[in-house]
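Heads up, the thing below is written out as structure tokens.
As a basis for the values below, the full set of heavy atoms in this structure was taken, side chains included, without hydrogen atoms, waters or symmetry mates. Throughout, a chain's letter reflects where its sequence line sits, starting with A, and its residues are numbered from 1.
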Amino acid sequence: QSALTQPASVSGSPGQSITISCTGTSSDVGVYNYVSWYQQHPGKAPKLMIYDVTNRPSGVSNRFSGSKSGNTASLTISGLQAEDEADYYCSSKRSSTVVFGGGTKLTVL
Amino acid sequence: EVQLVQSGAEVKKPGESLKISCKGSGYTFTKYWIGWVRQIPGKGLELMGIIYPGDSDTRYSPSFQGQVTISADKSINTAYLQWNSLKASDSAMYYCARPPFDNGWYWFDPWGQGTLVTVSS
């Protein structure tokens, strides 16, 4: 069982918006702003999409945005595109380590 | 361009030892942490530990403390992940990854291409 809880799957049609949740505890998501989101396509290494809850690394589309409320962080993808179909993982600092969610498979219908 | 290049896939028997590598290029190797992340096929990501090659400060996640050894050779810009006695449950993809900033280690990008380790009798 993963440290952070994500839905196993979400889906949406091209052009729509979807949100993926990531629920932690007051020992990780709730207390640190070191929440990140990663995108992983099949057979590829993960790619950082959001860091420090809301920040996008250079080169990441502004269709990706992050937020946090209490112990739950969220990743929103607007204007869904076929290339967004992938697995998405959240992570958070927890004490002296980083913990990840179990991953969410995004299907673009 | 910042790159992390990992050693190739390995097939080992239970009880054997193994050391895989991750070579950094395109940046000052001693100024950024490097982490090792395990991904069991079809499963999620787990941070095993991190090392700061500048002074070899090494930190292990609780689940991996005592199970593996992380090291680095800054003379050749290479980090390592080592097992003394492999188990079938160590079969997984292993990634090395570097933080995008030199002031912490709570996020990772870029990542290496991964090293697939298969442990089977």
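Using a 4.5 Å cut-off between heavy atoms, Asp87(A) does not touch chain B at all. Using a 4.5 Å cut-off between heavy atoms, Phe101(B) touches chain A through its side chain atoms alone. Heavy atoms closer than 4.5 Å to chain B are found in the side chain of Ser36(A), but not in its backbone. If you measure heavy-atom distances from Phe108(B) to chain A, the contacts under 4.5 Å come from both the backbone and the side chain. Only the side chain of Tyr38(A) comes within contact range of chain B, with at least one heavy atom under 4.5 Å from a heavy atom of that chain.
For the pair Lys74(B) and Phe29(B), the NZ or CZ position fails the cation-pi test of under 6.0 Å to the six-membered ring centre and within 45 degrees of the ring normal. Relative to the six-membered ring of Tyr32(B), Arg98(B) meets both conditions, a distance below 6.0 Å and an angle of at most 45° to the axis.
Side-chain N or O atoms of Thr23(A) include none that pairs as donor or acceptor with a backbone N or O of Thr72(A) at under 3.5 Å. Between the side chain of Glu16(B) and the main chain of Lys13(B), a donor-acceptor pair closer than 3.5 Å is present.
Using cut-offs of 30° and 60° on the angle between ring planes, the pair Trp33(B) and Trp105(B) is tilted. Taking the six-membered ring for Trp and thresholds of 30 and 60 degrees, Trp83(B) and Tyr94(B) have ring planes more than 60 degrees apart, a perpendicular arrangement. Using cut-offs of 30° and 60° on the angle between ring planes, the pair Tyr34(A) and Tyr106(B) is tilted.
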Please lay out, stage by stage, how Thr76(A) and Thr19(A) fare under the test side-chain hydrogen bond (donor to acceptor under 3.5 Å, both in side chains).
CA-CA 4 Å; Thr76(A) 298; Thr19(A) 297; 3.0 Å; yes
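For a heavy-atom cut-off of 4.5 Å, chain B lies close to Gln40(A), Lys44(A), Ala45(A), Pro46(A), Lys47(A), Leu48(A) in residues 40-50 of chain A.
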